[in-house]
Amino acid sequence: MQSFLTTKFFERSATKVAPDLLGKFLVRRLRGKKIALMITEVEAYHGFKDRASHASKGLTQRNKIMFGEAGNWYVYFIYGMYWMLNIVTGDKSMPSAVLIRGVKEFNGPGKLTKTLRINKYFNGKTANKKTGLWIEDRGVKIGNPPSRKASEGNFRFLKTKIKKGPRIGVDYAGPVWSKKQWRFYLEGASHT
DNA sequence: AGCAAGATCGGT
DNA sequence: CCGATCTTGCTG
């Protein structure tokens, strides 16, 4: 049982979408094969006032995707070497996105895109099967099963916790914004 | 046109 | 901690 995450899932605040992405699967079609990796670490970049976010500079050529449709990929190049993979969230009045930082197999947003061959091609494209890169709910839930009879479904419970902390590499944003607890990760899966 | 900075990473 | 490496956006 698996379901593909559609626009509706992403049309919410980045700070709500971000923790909900933990336990979901990033799926990439590569050379005819599907690679599915469970998301374990994310960060929310929320609104034009967030000084850690590209959107705080106002609309520019690079960040315009953040001002667009939820459920699109926002992919940008950084440090001369790495591609960062984000999914756009919220409605258009609130430019925002969630950075996918880590999956179960390994941590680090730059390693993720390198491994899955994700680059500029995906920027502005919708996360779906046609694009070759999308997100699925495969029935994983975080935490303990509620009770034997309540857990009727095809759910698999991951006995771990969602933790949060400050976002990585955004000291330039100043004390207020760099300290926002907008990084979410599964316990034991932190990059740092 | 020039320049400084950057949502990183791996090696000292 | 430091260098690699290059696009972006700001300044002039």
Side-chain angles (χ1 to χ4, degrees), chain A residues 5 9-10 12-22 24 26 28 35 37-90 92 94-127 133-135 162-186 188-192:
Chain A
L5 297 186
F9 180 92
F10 299 106
R12 299 177 290 141
S13 159
T15 55
K16 297 276 191 189
V17 173
D20 285 354
L21 282 173
L22 300 175
K24 303 295 189 293
L26 179 67
R28 172 83 164 105
I35 302 172
L37 305 173
M38 193 178 74
I39 298 168
T40 56
E41 184 177 13
V42 296
E43 282 175 359
Y45 288 84
H46 184 227
F48 48 84
K49 285 188 286 191
D50 177 4
R51 288 190 50 207
S53 170
H54 294 163
S56 69
K57 305 282 182 187
L59 185 66
T60 67
Q61 187 60 29
R62 175 173 67 166
N63 70 18
K64 61 185 180 188
I65 304 302
M66 289 185 83
F67 291 73
E69 299 290 341
N72 284 349
W73 296 116
Y74 172 45
V75 182
Y76 64 89
F77 193 59
I78 190 72
Y79 298 125
M81 270 172 272
Y82 302 105
W83 296 98
M84 297 289 104
L85 177 67
N86 301 252
I87 186 100
V88 175
T89 59
K92 291 183 183 174
M94 187 63 93
S96 59
V98 174
L99 170 68
I100 301 178
R101 287 191 62 86
V103 293
K104 192 181 176 204
E105 287 68 17
F106 50 90
N107 293 314
K111 290 197 310 193
L112 175 69
T113 52
K114 189 177 180 192
T115 305
L116 295 182
R117 319 252 179 229
I118 292 164
N119 55 35
K120 192 82 184 162
Y121 168 82
F122 294 96
N123 190 41
K125 293 213 161 46
T126 305
L133 184 66
W134 66 96
I135 300 176
I162 293 177
K163 305 206 65 164
K164 50 187 164 180
R167 294 170 291 179
I168 304 291
V170 297
D171 288 349
Y172 61 84
V176 174
W177 296 98
S178 67
K179 285 177 185 152
K180 291 278 183 197
Q181 305 284 290
W182 285 351
R183 179 166 61 104
F184 303 87
Y185 56 98
L186 296 182
S190 174
H191 180 51
T192 47

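Note: hydrogens, waters and symmetry copies are ignored here, and every other heavy atom, side chains too, is used. Quick note on labels: first sequence line is chain A, next is B, and so on, each numbered from 1.
- Between K57(A) atom NZ and dA7(B) atom C1' there is a gap of 13 Å when expressed in whole angstrom units.
- Boundaries of the chain A contact region on DNA chain C are dA4(C) to dG9(C), first to last in 5' to 3' order (nucleotide atom under 4.0 Å from a heavy atom).
- Each of V17(A), V98(A), T89(A), T15(A) was evaluated against H46(A); a single residue qualifies, T15(A), per the side chain to side chain contact (heavy atoms under 4.5 Å, CB included) test.
- Between dG2(B) and dT5(C), the distance separating the two P atoms is 22 Å to the nearest Å.
- Stems are defined here as 3 or more consecutive Watson-Crick or G-U wobble pairs with pairing distances under 3.5 Å; those involving DNA chain C are B:1-6 with C:6-11, B:8-11 with C:1-4.
- Within residues 70-79 of chain A, the residues having any heavy atom under 4.0 Å from DNA chain C are, by residue number, F77(A), Y79(A).
- From F106(A), atom CZ reaches atom OG1 of T40(A) across 9.5 Å, with rounding to the nearest 0.5 Å.
- Take the nearest nucleotide of DNA chain C for M81(A) and for N63(A): the residue whose nucleotide is more 5' is M81(A).
- Using a 4.0 Å heavy-atom distance criterion, R62(A) is classed as a sugar-phosphate-only contact.
- Applying the ring pair (Phe, Tyr, Trp, His ring centres under 6.0 Å) test to F9(A) and every residue at least two apart in sequence or in another chain returns nothing.
- The salt bridge (charged side-chain N to carboxylate O under 4.0 Å, His left out) pairs that include a residue from residues 109-123 of chain A number zero, where partners must be two or more places apart or lie in different chains.
- Whole-Å rounding puts the D171(A) CG to dA7(B) P distance at 11 Å.
- Atom P of nucleotide dG11(B) and atom NZ of K111(A) are separated by 10 Å, given to the nearest angstrom.
- Remark: P of dG10(B) and CG of N107(A) are 11 Å apart, rounded to the nearest angstrom.
- Base contact: G80(A) has a heavy atom under 4.0 Å from a base atom.
- Sorted by first and then second residue, the salt bridge (charged side-chain N to carboxylate O under 4.0 Å, His left out) pairs involving residues 46-66 of chain A (not counting sequence neighbours) are D50(A)-R167(A).
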